[in-house]
Amino acid sequence: MAAYAELEVTTNFSFLEGASHPEELVERAKELGLAALAVTDRNSLAGVVRAHVTAKRVGLRFLVGARVDLEDAPSVLLWPTDKKAYGRLSSLLTEGRRRAPKGSSSLRLADLLARAGGQLLGVLPPETPDAGFAELLRTLAAALGDRLHLVVHYRYRGDDRERIDTLAGLAAATGARLLATNAVL
């Protein structure tokens with residue numbers, strides 16, 4: 001059986017979205033035999049400390065991450081690969097919070113690209129990917145190379161197979177790597 005790592009996990013620190021505490025999610029991932037887990041709360045690193053402490057205690061590989069919402073592009077998942085990249089991610093999230101009213105964030109694609117060094121990036125596709133989205137993927141692929149991923153997961157709406165096939169073709173045509181998640185809430 002191939003090892004599976006869940007790289008899109010939203011905790012209760014993403015208010016009105018995630019339902020479980022980071023500790024619970026890590027413990028359950030360990031029980032299920034996952035190879036690793038990444039917490040990707042929305043515009044925040046709030047859940048990563050508790051998740052990291054618990055992962056260390058139970059012996060599960062943990063990856064720091066965040067979901068970043070952009071005003072001029074689809075949301076992305078970011079996973080820093082080293083300490084400097086973690087600093088850039090923290091700086092990006094702080095900038096977004098400072099520009100917006102309390103509880104929200106304001107970031108653009110240019111802000112993300114300015115701090116993309118050392119980040120693995122997963123693009124969350126829009127409801128209906130179009131030619132503009134394909135062009136965005138090409139632009140990101142040129143900037144990020146093999147660090148760019150197109151995230152896919154089942155939505156259980158009856159069209160999952162067709163949608164995932166379309167996204168797989170789009171990834172192949174634009175240079176993005178396909179990444180399957182379960183979008184855990």
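Fair warning: this is a prediction, and the values are worked out from it, not measured in the lab.
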Discussion item. I need the minimum non-hydrogen distance between N182 and Y4, along with the two atoms involved.
Written reply: ND2-OH, 3.2 Å

Worksheet entry | Working for salt bridge (Lys or Arg N to Asp or Glu O under 4.0 Å), residues E127 and R155 | CA-CA 11 Å; E127 188 67 35; R155 293 184 173 185; 2.9 Å; yes

Worksheet item: Do NZ/NE/NH1/NH2 and the carboxylate oxygens of D69 and R67 come within less than 4.0 Å?
Response: yes

Item to complete: Give the minimum heavy-atom separation between S104 and A100, together with the two atoms involved.
Response: OG-CB, 3.5 Å

Worksheet item: Atom CG in L113, atom OG1 in T139: separation rounded to 0.5 Å?
Response: 9.0 Å

Discussion item. Main chain of A85, side chain of Q119: is a donor-acceptor contact present, judged purely on distance under 3.5 Å?
Written reply: yes

Worksheet item: What's the spacing between L92 CG and D111 CG if we round to 0.5 Å?
Response: 6.5 Å

Worksheet item: How long is the gap from CZ on R42 to OG1 on T10, to the nearest 0.5 Å?
Response: 7.5 Å

Discussion item. Are L120 and T81 packed together at the side-chain level, in the sense that at least one heavy-atom pair is separated by less than 4.5 angstrom?
Written reply: yes

Worksheet item: Got a donor-acceptor contact below 3.5 angstrom from the D72 side chain to the L109 backbone?
Response: yes

Worksheet item: Between A66 and L93, which heavy-atom pair has the shortest distance, and what is it?
Response: CB-CD1, 4.1 Å

Worksheet, complete the sentence: With sequence neighbours left out, the residues meeting salt bridge (Lys or Arg N to Asp or Glu O under 4.0 Å) with E162 are none

Discussion item. When you compare the side chain of R50 with that of F13, does any pair of heavy atoms fall below 4.5 Å?
Written reply: yes

Worksheet item: Are any non-hydrogen side-chain atoms of R99 and L107 less than 4.5 angstrom apart?
Response: yes

Practice prompt. Spell out, yes or no, whether L77 and L137 are grouped together once hydrophobic residues are joined by side-chain heavy atoms under 4.5 Å, including indirect joins.
Written response: no

Discussion item. Could you check whether atom CG of L32 has more than 12 heavy atoms from other residues, nucleotides or ligands sitting under 6.0 Å from it?
Written reply: yes

Worksheet entry | Separation of D160 CG from R157 CZ (nearest 0.5 Å) | 8.5 Å

Item to complete: State whether a side-chain donor-acceptor pair under 3.5 Å links E27 with T54.
Response: no

Worksheet item: Just how far is it from atom CZ of R61 to atom CG of L37, taken to the nearest 0.5 Å?
Response: 11.5 Å

Worksheet item: Are E135 and R138 close enough for a salt bridge, meaning some N to O gap below 4.0 Å?
Response: yes

Worksheet item: Are L89 and L112 in one and the same hydrophobic cluster, where Ile, Leu, Val, Met, Phe, Trp and Tyr link if side-chain heavy atoms are under 4.5 Å apart?
Response: yes

Discussion item. If you define the side chain from C-beta out and look only at heavy atoms, does anything of E71 sit under 4.5 Å from S106?
Written reply: yes

Worksheet entry | Side chain to side chain, L179 and V152, heavy atoms closer than 4.5 Å | no

Practice prompt. Look at E31 together with R28 and state whether they make a salt bridge at an N to O cut-off of under 4.0 Å.
Written response: yes

Discussion item. Show, in sequence, the C-alpha distance, side-chain angles and deciding distance for I164 and T166, and conclude whether the side chain to side chain contact (heavy atoms under 4.5 Å, CB included) test is met.
Written reply: CA-CA 5 Å; I164 290 172; T166 298; over 6 Å; no

Worksheet item: Is L7 reachable from L60 through a run of hydrophobic residues whose side-chain heavy atoms are each under 4.5 Å from the next?
Response: no

Discussion item. Could you tell me if the side chain of V76 sits less than 4.5 Å from the side chain of V151, heavy atoms only?
Written reply: no

Worksheet entry | Which atom of G65 lies closest to which atom of W79, heavy atoms considered | CA-CD1, 4.0 Å

Worksheet item: Under a single-linkage definition using a 4.5 Å side-chain heavy-atom cutoff for Ile, Leu, Val, Met, Phe, Trp and Tyr, are L170 and L144 assigned to the same hydrophobic cluster?
Response: yes

Practice prompt. Could you tell me whether the side chain of R57 and the main chain of H52 form a donor-acceptor pair under 3.5 Å?
Written response: no

Item to complete: Determine the minimum heavy-atom distance between V39 and A51, stating which atoms define it.
Response: CG2-CB, 3.7 Å

Worksheet item: Would V26 and V49 show up in the same hydrophobic cluster when neighbours are defined by side-chain heavy atoms closer than 4.5 Å?
Response: no

Item to complete: For residues P74 and L124, determine if any side-chain heavy atom of one lies less than 4.5 Å from a side-chain heavy atom of the other.
Response: no

Fill in: Shortest non-hydrogen contact from A171 toward L178
CB-CD1, 4.1 Å

Discussion item. Closer than 3.5 angstrom, by distance alone: can the side chain of T40 be matched with the main-chain N or O of V9 as a donor-acceptor pair?
Written reply: yes

Worksheet entry | Separation of T174 OG1 from L136 CG (nearest 0.5 Å) | 9.0 Å

Practice prompt. Could you name each residue pair satisfying ring-ring contact (aromatic ring centres under 6.0 Å, His included) that touches residues 113-155, not counting sequence neighbours?
Written response: Y154-Y156

Discussion item. Any heavy-atom pair between the side chains of R177 and L148 that's under 4.5 Å?
Written reply: no

